[in-house]
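See below for the structure under consideration.
By convention in this document, chain letters (A, B, ...) are assigned in the order of the sequence lines, proteins followed by strands, and residues within each chain are numbered from 1. Note that the structure is predicted; figures quoted are calculated from it, not measured. Any value given below was found using the heavy atoms of this structure, including those in side chains, with hydrogens, waters and symmetry copies removed.
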Amino acid sequence: GENVEQHPSTLSVQEGDSAVIKCTYSDSASNYFPWYKQELGKGPQLIIDIRSNVGEKKDQRIAVTLNKTAKHFSLHITETQPEDSAVYFCAASIRTGNRDDKIIFGKGTRLHILP
Amino acid sequence: DTAVSQTPKYLVTQMGNDKSIKCEQNLGHDTMYWYKQDSKKFLKIMFSYNNKELIINETVPNRFSPKSPDKAHLNLHINSLELGDSAVYFCASSQRQGAGANVLTFGAGSRLTVL
C-alpha cells in the first residue's frame, strides 16, 4: 500500500543540539524523497530532497540519509537554532497507474527548539 | 511576485453552502495539485492536473470539483459543504519532467471553516 510513516510526532531539543527525524515508506518503487518545513500560518516549503541513486545529501546544517534496502530515510539538523522550530514533513513519490508520480506525506514532526 | 497564490486566504461559511477556492501559479509549471491539511496537520493529496488534464483523483467525494481553465490555474469548487470539510486547502505546482519533477511549490493555504 501507499504509506509513509514518520517519527517522532513531537521533538524538543536544546538550542545548539542536533535533531533527527525518521521516516519509512512502503512502495519499493519510490525514488524521490523530499523534506518540507511548515511554519505557522504558511505553506510547506521544500528544504532538502534526495533521489534514490544517492545515499546521503547535505546542505549546510541539514542532511538527509536514505537506505533503500530498509526503505527508510532520515533528516538530520545540526546546531539547531530557534528559527528551526516548525513542523517538518517527510514525503515519498508513489508511482500511479500512468507515468505520473504523486507525493505522499508523513504525518509530520513538530520540532521545538528550547532556549 | 508570489509563485503560487490562492484566494481567499480565509473562508467561513454555513453547512450546505457552495464555495470556491482559486489558485494561480506563475512558475510555468505543467502540473498543479490540491492538498487538504486537517486539524492534526495531516497533508493528503486530493487532485492533480497536468496541462488542464486530470491525472490524479484520490477518491475525493464528488462534491469536490476541480477545474483547470489553463495550466496556470486550478480552482476547487465544493458543493453542499459539510462540517468535515473544515481544513486548510493547499494548492501546489511542479514541473512534470526533468530535474524539477515532483518538486512541489505550495501556496500559503486557504483556511475553510464550515459552521
Side-chain angles (χ1 to χ4, degrees), chain A residues 1-6 8-11 21 23 25 27 29-54 57 59 64 86-112, chain B residues 2-7 9-10 21 23-25 27 29-60 87-111:
Chain A
E2 306 168 354
N3 208 21
V4 177
E5 298 284 341
Q6 181 171 349
S9 56
T10 306
L11 179 61
I21 303 171
C23 289
Y25 60 98
D27 186 352
S30 294
N31 60 10
Y32 175 65
F33 307 91
W35 287 87
Y36 285 80
K37 175 183 180 182
Q38 186 177 22
E39 296 176 335
L40 195 61
K42 297 183 179 180
Q45 278 199 303
L46 180 73
I47 54 171
I48 195 167
D49 57 10
I50 191 167
R51 296 192 187 265
S52 60
N53 56 349
V54 175
K57 185 176 177 181
D59 182 4
V64 57
V87 179
Y88 291 80
F89 293 95
C90 64
S93 63
I94 305 290
R95 179 53 54 95
T96 62
N98 53 32
R99 63 187 177 99
D100 295 285
D101 292 343
K102 59 182 176 182
I103 302 299
I104 301 297
F105 286 81
K107 292 184 176 179
T109 296
R110 188 175 296 275
L111 176 62
H112 300 275
Chain B
T2 304
V4 180
S5 58
Q6 306 179 217
T7 55
K9 190 170 175 63
Y10 299 99
I21 307 172
C23 180
E24 175 182 3
Q25 55 95 4
L27 297 167
H29 286 166
D30 304 306
T31 308
M32 296 184 72
Y33 311 80
W34 280 109
Y35 277 83
K36 179 181 180 180
Q37 186 172 49
D38 62 20
S39 58
K40 295 184 180 178
K41 295 290 189 182
F42 300 159
L43 261 173
K44 287 188 178 179
I45 189 168
M46 300 173 68
F47 300 104
S48 170
Y49 268 74
N50 183 70
N51 200 12
K52 303 191 296 177
E53 179 190 355
L54 178 67
I55 53 175
I56 293 172
N57 182 342
E58 287 291 292
T59 61
V60 178
V88 181
Y89 292 85
F90 285 99
C91 178
S93 71
S94 73
Q95 293 177 2
R96 192 178 195 186
Q97 294 177 337
N102 297 325
V103 179
L104 301 175
T105 300
F106 282 90
S110 297
R111 181 178 293 276

What part of A:Lys42 gets within 4.5 angstrom of chain B, counting heavy atoms only: side chain, backbone, both, or neither? backbone

Which pair of heavy atoms, one from A:Gln38 and one from B:Phe90, lies closest together, and at what distance?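 Closest approach of A:Gln38 to B:Phe90, heavy atoms only: NE2-CZ, 3.3 Å.
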
Which atom names give the shortest non-hydrogen contact between B:Asn102 and A:Tyr36, and what distance separates them?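 Looking at all heavy atoms of both residues, the closest pair is O-OH, 4.3 Å.
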
Can you tell me if B:Lys52 has over 12 outside heavy atoms packed within less than 6.0 Å of its NZ?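 Open: at most 12 neighbouring heavy atoms sit under 6.0 Å from NZ of B:Lys52.
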
Which donor-acceptor pairs under 3.5 Å do side chains of residues 103-111 of chain A form with protein atoms, sequence neighbours excluded?
| unit_1 | atom_1 | unit_2 | atom_2 | d |
| --- | --- | --- | --- | --- |
| A:Thr109 | OG1 | A:Gln6 | NE2 | 3.0 |
| A:Thr109 | OG1 | A:Pro8 | O | 2.5 |

With a 4.5 angstrom heavy-atom cut-off, which part of [X] approaches chain A: side chain, backbone, both or neither?
| X | value |
| --- | --- |
| B:Ile45 | side chain |
| B:Gln6 | neither |
| B:Lys9 | side chain |

For the candidates B:Ile56, B:Thr105, B:Leu43, which exhibits the highest count of non-hydrogen atom pairs separated by less than 4.5 Å from chain A? B:Leu43

In Å and rounded to the nearest 0.5 Å, what is the CG to OG distance from A:Asp101 to B:Ser94? 9.5 Å

Under 4.5 Å between any side-chain heavy atoms of A:Pro34 and B:Leu104, yes or no?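 Answer no - side chains too far apart.
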
